[in-house]
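The structure presented is a predicted model; accordingly, all values stated were derived computationally and were not measured. When reading the values below, keep in mind they use all heavy atoms of this one structure, side chains included, and skip hydrogens, waters and symmetry mates. Positions are given from 1, in the same order as the sequence printed here.
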Amino acid sequence: RIGAGDLQARCTLPPDGGELGELSRTLDEMAAHIGSSMTHRAAAAAEVRRSNRALRLLNAVTGIVGAATDVPALMEEICRAAVDVGGYRMAWVGMADRDP
């Protein structure tokens, strides 16, 4: 089962100190290590995808800021980029009223 990819499977031989017991223990340790490595790789790949998405969004916002003509249009375009490029479900900007 381990050879077929079931890394949760374990050998059923008791660790009796003999050669087969040692082999059984070693195979179990290898399966656990491979499973752990695969989990860490999946987490690292997810982090790379998040980082790439953030960099694409930052690049898009940089272009938007450079072409901005007024603040409301700038905010609208940044929100649109956050959804279209950044993959967010929604984005909004609240403007503080500086009226005394």
Is there a path of hydrophobic side-chain contacts, each under 4.5 Å between heavy atoms of I/L/V/M/F/W/Y residues, joining Val83 to Val85? no
Give a yes or no on whether the backbone of Glu22 and the side-chain of Thr26 come within a donor-acceptor separation of less than 3.5 Å. yes
Answer yes if Leu74 and Met95 sit in the same cluster of Ile, Leu, Val, Met, Phe, Trp and Tyr residues linked by side chain heavy atoms under 4.5 Å apart, and no otherwise. yes
Side chains of residues 53-64: which donor-acceptor pairs under 3.5 Å do they make with residues two or more places apart or in other chains?
residue, atom, partner, partner atom, Å
Arg53, NE, Gly86, O, 3.0
Arg53, NH1, Gly86, O, 3.4
Thr62, OG1, Leu58, O, 2.8

Which distance, rounded to the nearest 0.5 Å, do you find between the OG of Ser37 and the CE of Met30? 11.5 Å
Around Glu29, counting heavy atoms of other residues, nucleotides and ligands shown, do more than 12 lie under 6.0 Å from its CD? yes
Taking only residues at least two apart or on different chains, which pairs with a member in residues 64-88 satisfy salt bridge (charged side-chain N to carboxylate O under 4.0 Å, His left out)? Glu76-Arg80, Glu77-Arg80
Is the side chain of Asp28 donor-acceptor paired with the backbone N or O of Arg10 at a distance under 3.5 Å, no angle test? no
Between SG on residue Cys79 and CE on residue Met90, distance to nearest 0.5 Å: 9.0 Å
Consider only side-chain heavy atoms of I, L, V, M, F, W and Y, link residues closer than 4.5 Å, and tell whether Val71 and Val65 are in one cluster. yes
Ignoring hydrogens and angles, write down the donor-acceptor pairs under 3.5 Å from the side chains of residues 39-47, residues two or more places apart or on other chains.
residue, atom, partner, partner atom, Å
Thr39, OG1, Gly35, O, 3.0
His40, ND1, Ser36, O, 2.7
His40, ND1, Ser36, OG, 3.4
Glu47, OE1, Arg50, NE, 3.3
Glu47, OE1, Arg50, NH2, 2.7

